[in-house]
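Below is one structure; the comments refer to it alone.
Note that the numbering runs from 1 along the sequence shown for the chain. Everything quoted here is computed from the prediction, not taken from an experiment.
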Amino acid sequence: MNAKVATVTGAGSGIGREVALAFLRHGYSVVLAGRRVAEMEQTVAMADGSGRALIVATDVTQPASVTNLFARTKEKFGRLDVLFNNAGIIGPRASIDEITVEQWNEVVAVNLTGSFLCAQAAWRLMKEQNPQGGRIINNGSISAMTPRPFQAPYTSTKHALTGLTKTLALDGRPFNIACSQIDIGNAATPITARMAKGVPQANGTTAIEPTMDVAEIGRTVLMMAELPLETNVLQMTIMATNMPFVGRG
């Protein structure tokens, strides 16, 4: 059995579920965090990993909830080797003049503040444990580099997440903490189901976009996690090969 411990936020569906499954099937002990306990229980059942899984109901926007998550992690498993910072929301798809402050704040709270709070709590645990160190992998997005139309809150938080990733990668060196970012384009999840009907493009048209098997994200994050701590994939892009991103699409 793999002796490593991983925590995955947003582990009840989509990318979070696939990453949690990849870790469980590879023998990791896994802490599944999210707001929907029933869905996380389904994730564990899919991997037959109940003996190595801990489910913790968590709201990443709430400091006390995040503190509880990592306290439970330490209590159950004694350490943390990998955090996959995945919880996030898309938010409104609208012109900036139509977005309310409340909508903006909600996206920032989940995507950016939630990632900060989880990274901070994981950092404290990784810094004090013996052997010291670990790996934080942030779920960025292709929107961390190139926006889609009418997604100002989401794009802004994902650009900011790149800054957080680079800062943690730099500041973690004395403590053997590596930090990475995976930028994902068009993994087939419930969120991307709309792409089969067509989504807005930069030139004002609407086009159907190809997607890729979300299980490939699980395999890729596992690969990143399995690297020795003296090696780091700082930023990786994984995408559906034919999606309109490179060049003119």
Short side-chain to backbone donor-acceptor contact, [X] and [Y], under 3.5 Å:
| X | Y | value |
| --- | --- | --- |
| N138 | Q181 | no |
| D81 | A6 | no |
| T9 | A87 | yes |
| T157 | Y154 | yes |
| T58 | V56 | yes |
| Q129 | G133 | yes |
| K127 | G172 | no |
| R17 | A11 | no |
| N186 | M212 | no |
| R135 | L227 | yes |

If I take atom [atom1] from residue [X] and atom [atom2] from residue [Y], how far apart are they, to the nearest 0.5 angstrom?
| X | Y | atom1 | atom2 | answer |
| --- | --- | --- | --- | --- |
| L69 | Q62 | CG | CD | 13.5 Å |
| R219 | I238 | CZ | CD1 | 8.5 Å |
| F70 | S65 | CZ | OG | 10.5 Å |
| T189 | D213 | OG1 | CG | 11.5 Å |
| M239 | E216 | CE | CD | 14.5 Å |
| F77 | R72 | CZ | CZ | 10.0 Å |

Report whether [X] and [Y] are members of the same hydrophobic cluster (ILVMFWY, side-chain heavy atoms less than 4.5 Å apart, transitive linking).
| X | Y | answer |
| --- | --- | --- |
| L117 | L112 | no |
| M224 | L229 | no |
| F84 | L234 | no |
| I177 | F116 | yes |
| F23 | V233 | yes |

*What's the verdict on side-chain contact (heavy atoms from CB on, under 4.5 Å) for V19 and N86, showing C-alpha distance, side-chain angles and the deciding distance?*
CA-CA 9 Å; V19 171; N86 169 70; over 6 Å; no
*Under the 4.5 Å side-chain heavy-atom rule for ILVMFWY, direct or indirect, which residues accompany M46?*
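M46 clusters with L21.
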*For residues 92-113, pull every pair meeting salt bridge (charged side-chain N to carboxylate O under 4.0 Å, His left out), keeping only residues two or more places apart or in separate chains.*
none
*Test applied, side chain to side chain contact (heavy atoms under 4.5 Å, CB included); reference residue, L168; option that passes from D171, L170, L164*: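 When side chain to side chain contact (heavy atoms under 4.5 Å, CB included) is applied between L168 and each of D171, L170, L164, only L164 qualifies.
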*Under the side-chain contact (heavy atoms from CB on, under 4.5 Å) rule, what do S13 and R36 come out as? Steps first, then yes or no, please.*
CA-CA 9 Å; S13 63; R36 299 173 296 174; 2.8 Å; yes
Would a 4.5 Å heavy-atom cut-off, applied to side chains only, mark [X] and [Y] as touching?
| X | Y | result |
| --- | --- | --- |
| P147 | K158 | no |
| L222 | R25 | no |
| V108 | T113 | yes |
| M243 | I142 | yes |
| H26 | K4 | no |
| Q235 | T165 | no |

*Test M236 against T220 for side-chain contact (heavy atoms from CB on, under 4.5 Å), laying out the working first.*
CA-CA 9 Å; M236 170 183 285; T220 303; 3.2 Å; yes
Search all heavy atoms of [X] against all heavy atoms of [Y] and return the closest pair with its distance.
| X | Y | result |
| --- | --- | --- |
| L32 | V44 | CD1-CG2, 3.7 Å |
| A225 | V82 | CB-CG2, 3.9 Å |
| L80 | A122 | CD2-CB, 3.8 Å |
| A144 | T162 | CB-OG1, 3.6 Å |
| A187 | I217 | CB-CG1, 4.0 Å |
| V8 | G16 | CG1-O, 3.5 Å |

_Pair T155-R148, side-chain contact (heavy atoms from CB on, under 4.5 Å): steps then yes or no_ = CA-CA 8 Å; T155 300; R148 288 184 176 277; 5.8 Å; no
*Look at atom CG of D48 and say whether more than 12 heavy atoms of other residues, nucleotides or ligands are closer to it than 6.0 Å.*
no
